[in-house]
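Note on naming: letters A, B, ... go to the chains in the order of the sequence lines (proteins, then strands), and numbering restarts at 1 for each one. What you see is a predicted model; the values in this text were computed from it and never measured.
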2 protein chains.
Amino acid sequence: MESGAPLKSSTLADSVFDRLRTAIVKGELPPGSKVNEPQLSKQYGISRGPLREAIRRLEGCKLVEIKPNAGAKVISLNREQAIEIYEIRESLEGLACRLAAAKASADDCLALRELLAKHEQQIESADGRLYYQKEGDLDFHYLIIQLSGNTRLFNLLCGELYHLLRLYRVQTSSEPSRPVQAFKEHHQIVDAIENQDAELAELLMKRHIAHARHALMTRLDTDPVSGKYQDSAITRIKVAGGEV
Amino acid sequence: MESGAPLKSSTLADSVFDRLRTAIVKGELPPGSKVNEPQLSKQYGISRGPLREAIRRLEGCKLVEIKPNAGAKVISLNREQAIEIYEIRESLEGLACRLAAAKASADDCLALRELLAKHEQQIESADGRLYYQKEGDLDFHYLIIQLSGNTRLFNLLCGELYHLLRLYRVQTSSEPSRPVQAFKEHHQIVDAIENQDAELAELLMKRHIAHARHALMTRLDTDPVSGKYQDSAITRIKVAGGEV
DNA sequence: ATTCGAATAATTGTTGACATATTGCAGATT
DNA sequence: AATCTGCAATATGTCAACAATTATTCGAAT
């Protein structure tokens, strides 16, 4: 009977950890902003104890920085740090793709093909708006990482780096970019996986992510709204939605 | 004046986090053992509040697993997980080595040479005992990762994966292995970095770590004391040193 | 008027106590 | 004798209050 509501974490610290992490990656808690314990405890209707535990867990995930006697602040990613993350992601997703190519079964390849077909429909149907990149791209990468069979790699990429990238995307107010080209590259990657060509699959995935990185960087150069985001006025705005 | 004692963390949660992490990677808290809050709070002479914050931070670092209403347990690495970590490490240290080769200055190369010379002395002086591998190998890898200039990569490799590997080494009661061969490989790597041959440096580093992994795995096959470590009787022994 | 300093307010760090869930044990029943 | 049930003990989850440090504001002196 009570299995119908598994969403609510049984402990308050876990629950507020999820809510805080979501608030951070969605930008409701802007990068660089202070994490005010009394305010958040009132906002979430809990005591400061579980809240502090959740913040400490966020610190372990590197989503906030805590200075003694000064409180926690949401991390703020600058351009250099985004490059660092993309370098790591390029290397690790290349690894994941190589592993996936080496051990992918026929059913796995079929699932990849179906995913690509679904994305193609979405590209054709959504005229111009291109819902594709935001969810579809992640689905594709997630599936390949899952196929790699390396659980820790999956947690690292999809659990930690993913949140950091989401945080950066919300900073740069990114829109989908180069979806058609990305779609072609996805097909190439699946071809390599189907042929069990592990080396080629790794190379193509690394190049695919390098392309995405360059697209992001050139957009950062043309769109100067982000980049030197931290310590600017926009980081000091009050957190919205404080009434609930 | 007060700069002489930076060791003592100003907050209890940070301090006990360091002590707990050290206790875990040193094996004083064996893998799979329960993290008993009342006992540890008495042992460290603090309240349960900061202790729980430290445990939550350890959870964020993936060094303990917390089940609601059941407490925290030290993670236990089996053979598959060790392989997973080595796969990630191979990829990331290859990346670090490539980056280091691309941007290493003449002084950096000199520092690498000096480090290798120091290691050579230690190999020659320590007759058979071979103090080398344990500290020297880490020094070498640390320096290269630092030369990569990627701060997040440094934190990831030297901060998180390093602790996991230490934990696994203490599980397998590892001794130094194949130090002479490793020393040769270190020289090859530095040669590539000096020549600014980034691709070769990456390849050599990845192969170097693959060799280390294979050495560990073959030793695991011959020495059956580890491997299926978790849930065995040895994980249920009481934590030693409970009197202080 | 500006700057320095002290008092005040707010926030963080820490503790002990209370509520709740789990574990282990003892005794009764089949 | 074995199993099930209920109670006791232990551990975890949560909260409110206290202590200590930091930020702020108000006032005084140059």
Separation between CG (B:L63) and CD1 (B:I75), nearest 0.5 Å, reads 5.5 Å
At their closest point, which heavy atom of A:L112 faces which heavy atom of A:L143, and how far apart are they?
CD2-CD2, 3.7 Å
Contacts to DNA chain D from residues 47-58 of chain A, heavy-atom cutoff under 4.0 Å, which residues?
A:S47, A:P50
By side chain to side chain contact (heavy atoms under 4.5 Å, CB included), which residues pair with B:R52, not counting sequence neighbours?
A:E53, B:E37, B:R48, B:R56
For [X] and [N], what is the distance between atoms [atom1] and [atom2] respectively, to the nearest whole Å?
X     : N      : atom1 : atom2 : value
B:L40 : D:dA11 : CG    : C1'   : 12 Å
A:N36 : D:dA23 : CG    : P     : 13 Å
B:Q39 : D:dT12 : CD    : C1'   : 15 Å
A:N69 : D:dA19 : CG    : P     : 17 Å

Between D:dT12 and B:K34, is there an OP1 or OP2 to side-chain N/O distance shorter than 4.0 Å?
yes
Can you check whether A:T11 has a side-chain N or O nearer than 4.0 Å to OP1 or OP2 of D:dT14?
yes
Output every pair passing salt bridge (charged side-chain N to carboxylate O under 4.0 Å, His left out) with a member in residues 151-163 of chain A, not counting sequence neighbours, ordered by first then second residue.
A:E160-B:K62
At 4.0 Å (heavy atoms only), tell me whether A:V16 reaches a base, stays on the sugar-phosphate, or touches nothing.
nothing
Using the side-chain contact (heavy atoms from CB on, under 4.5 Å) rule, take B:K26 and B:R166 through it: C-alpha gap first, then chi angles, then the decisive distance, then the call.
CA-CA 8 Å; B:K26 279 194 174 178; B:R166 269 192 78 182; 3.7 Å; yes
Report the C-alpha separation of B:L156 and A:L156 in whole Å, then their side-chain angles, then the decisive distance to 0.1 Å, and conclude whether the side-chain contact (heavy atoms from CB on, under 4.5 Å) test is met.
CA-CA 10 Å; B:L156 186 56; A:L156 187 56; 4.0 Å; yes
Whichever of A:I46 and A:P68 has the more 5' nearest nucleotide on DNA chain D, that residue is A:I46
If you walk 5' to 3' along DNA chain C, what is the first nucleotide with an atom under 4.0 Å of a heavy atom in chain B, and what is the last?
C:dT14 to C:dT22
Which residues pass the side chain to side chain donor-acceptor pair (under 3.5 Å) test with A:R213, not counting sequence neighbours?
none
List in chain and number order the residues that pass side chain to side chain donor-acceptor pair (under 3.5 Å) with B:S91, two or more places apart in sequence or in another chain; answer none if no residue qualifies.
A:S91
Is the closest basic N to carboxylate O distance between A:D14 and A:R57 below 4.0 Å?
yes
